[in-house]
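As the structure is a computational prediction, the values presented were derived from the model and not from experiment. The basis for the numbers below is simple: all heavy atoms, side chains too, and nothing from hydrogens, waters or symmetry mates. For the single chain, residues carry numbers from 1 onward in sequence order.
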Amino acid sequence: MVARQLDEQIVARYPVGRRLRVLDVGLGRGTQALRLARAGHEVTGLEPDPRTVAGVREALAAEPPGIRERVRIIEGDGRDTGAHFLPGTFDVVLCHGVLMYVTEPDPMLAGLARVLAPGGLLSLLVHNADALAMRPGLGGDWDTALAAFDSPACTNRAGQRVRADRLETLTATLAGIGAPLHTWFGVRVFTDRAPGGREPASEAELARLLAAEDRAGRTDPYRAVAAQLHLCGVRG
């Protein structure tokens with residue numbers, strides 16, 4: 001879903017075939033970085049964890065030379081973009097699944113906006129603090145659901161305690177750093193199930209599931225209760 005939404009925003013903003021300068025903060029498995037490099041873009045990955053960097057480098061080594069040469073990986077923290085890049089360096093900045101580990105996200109977001117070129121796209125994927133009670137509530141875990149109403153802390157799928165963000169708060173932050181919110185989507189509206197939920201039985205069922213998720217992620221009130229939010233800001 002995130003890849004589909006991101007591509008939609010890129011296509012709407014830039015001419016087809018233009019090679020974009022992309023910064024991916026917090027590489028994870030390198031999924032988005034490699035996908036965008038395969039699409040012809042120049043991608044810089046910024047990742048603080050040496051083991052994660054090693055894993056992405058290993059995956060990159062399996063790619064054709066033309067793709068490998070379009071990817072640069074820097075071992076560093078997303079809060080230190082000013083130490084690595086000049087203002088206006090990138091057309092697109094991704095920060096997916098990172099803010100949940102940052103206690104004070106505003107300075108980091110300001111740094112990401114600073115390295116965006118005018119008109120550049122800032123893509124954020126965050127846990128939705130306004131929907132933290134949904135998953136435990138649907139699973140019958142009433143104590144966890146009740147606690148979720150009063151705290152932005154949650155446990156992610158890896159079992160780590162992390163922080164969630166509110167749409168209203170991030171909207172104000174993006175406006176304040178000069179990259180106001182352009183559009184936003186819900187991610188995992190129906191599929192953030194309690195453990196034991198049934199997986200799609202076929203490719204056809206998976207396609208229907210994705211179609212339903214795509215529609216819900218764009219439609220009120222469903223997107224507001226998604227497990228994650230995908231926010232797209234544009235540098236003024």
Side-chain angles (χ1 to χ4, degrees), residues 1-14 19-78 81 84 90-102 108 112 115-116 120-128 156-160 162 164-165 183-193 199-200 203 206-207 209-211 213-214 217 226-233:
M1 283 296 97
V2 176
R4 182 183 300 187
Q5 295 157 1
L6 179 62
D7 287 349
E8 177 184 291
Q9 295 304 305
I10 289 175
V11 168
R13 185 155 299 278
Y14 297 103
R19 179 173 290 187
L20 301 176
R21 302 163 298 165
V22 180
L23 173 64
D24 189 358
V25 175
L27 281 168
R29 297 180 180 178
T31 303
Q32 295 298 335
L34 293 176
R35 188 183 68 82
L36 289 168
R38 292 181 193 122
H41 304 302
E42 296 179 352
V43 182
T44 299
L46 186 61
E47 170 59 53
D49 180 35
R51 292 173 298 179
T52 300
V53 168
V56 176
R57 289 192 190 280
E58 182 178 352
L60 182 61
E63 296 288 332
I67 293 175
R68 292 201 302 268
E69 69 185 16
R70 289 199 290 271
V71 179
R72 176 174 59 143
I73 301 175
I74 298 173
E75 193 170 318
D77 196 292
T81 51
H84 297 286
F90 299 100
D91 303 301
V92 179
V93 172
L94 313 182
C95 183
H96 295 172
V98 174
L99 290 188
M100 61 184 178
Y101 299 110
V102 180
M108 178 176 172
L112 299 184
V115 299
L116 267 178
L121 179 68
L122 176 58
S123 173
L124 307 176
L125 184 68
V126 303
H127 281 303
N128 182 7
N156 66 11
R157 291 175 178 269
Q160 301 167 303
V162 295
D165 290 281
T183 191
W184 66 278
F185 308 91
V187 178
R188 290 189 176 274
V189 178
F190 302 128
T191 56
D192 193 60
R193 300 182 299 272
E199 295 299 321
E203 289 295 323
L206 176 61
L209 181 156
L210 293 174
E213 280 285 345
D214 183 65
Q228 298 175 320
L229 300 176
H230 181 198
L231 293 82
C232 298

Next item on the list: Among residues two or more places apart or on two chains, list those pairs meeting side-chain hydrogen bond (donor to acceptor under 3.5 Å, both in side chains) that have a residue in residues 54-70.
Entry: Arg38-Glu63
Mind checking side-chain hydrogen bond (donor to acceptor under 3.5 Å, both in side chains) for [X] and listing every partner two or more places apart, or none if nothing turns up?
X	value
Arg21	Asp91
Glu42	none
His96	Ser123

Notebook entry, point to check: So, do Asp165 and Leu231 sit near enough that their side-chain heavy atoms are less than 4.5 Å apart?
Noted result: no
Checklist line | 4.5 Å side-chain heavy-atom contact, Val92 and Leu36 | finding: no
Between [atom1] on residue [X] and [atom2] on residue [Y], distance to nearest 0.5 Å:
X	Y	atom1	atom2	answer
Leu46	Thr81	CG	OG1	7.5 Å
His127	Arg188	NE2	CZ	10.0 Å
Gln9	Leu121	CD	CG	6.5 Å
Leu6	Phe185	CG	CZ	9.5 Å
Asn128	Trp184	CG	CH2	7.5 Å
Leu112	Leu124	CG	CG	7.5 Å

Any idea which heavy atoms bring [X] and [Y] closest together, and the distance?
X	Y	answer
Ala37	Val71	CB-CG2, 3.5 Å
Cys95	Met108	SG-CE, 3.8 Å
Ala226	Gly186	CB-CA, 3.5 Å
Thr191	Glu213	N-OE2, 2.8 Å

Would you list the atom pairs, donor with acceptor, under 3.5 Å between side chains in residues 23-33 and any protein atom, with sequence neighbours excluded?
| unit_1 | atom_1 | unit_2 | atom_2 | d |
| --- | --- | --- | --- | --- |
| Gln32 | OE1 | Arg35 | NE | 3.1 |
| Gln32 | OE1 | Arg35 | NH2 | 3.0 |

Item checked: Val43, Val22, Thr44, Leu20 screened by side chain to side chain contact (heavy atoms under 4.5 Å, CB included) with Phe90, the one that passes -> Thr44
Item checked: side chain to side chain contact (heavy atoms under 4.5 Å, CB included) assessment of Val2 paired with Gln228 -> CA-CA 10 Å; Val2 176; Gln228 298 175 320; 5.6 Å; no
Next item on the list: Begin with the C-alpha distance, continue with both residues' side-chain angles, and end with the deciding distance and a verdict on side chain to side chain contact (heavy atoms under 4.5 Å, CB included) for Met1 and Asp214.
Entry: CA-CA 7 Å; Met1 283 296 97; Asp214 183 65; 3.9 Å; yes
Item checked: For His41, all residues meeting ring-ring contact (aromatic ring centres under 6.0 Å, His included), sequence neighbours excluded -> none
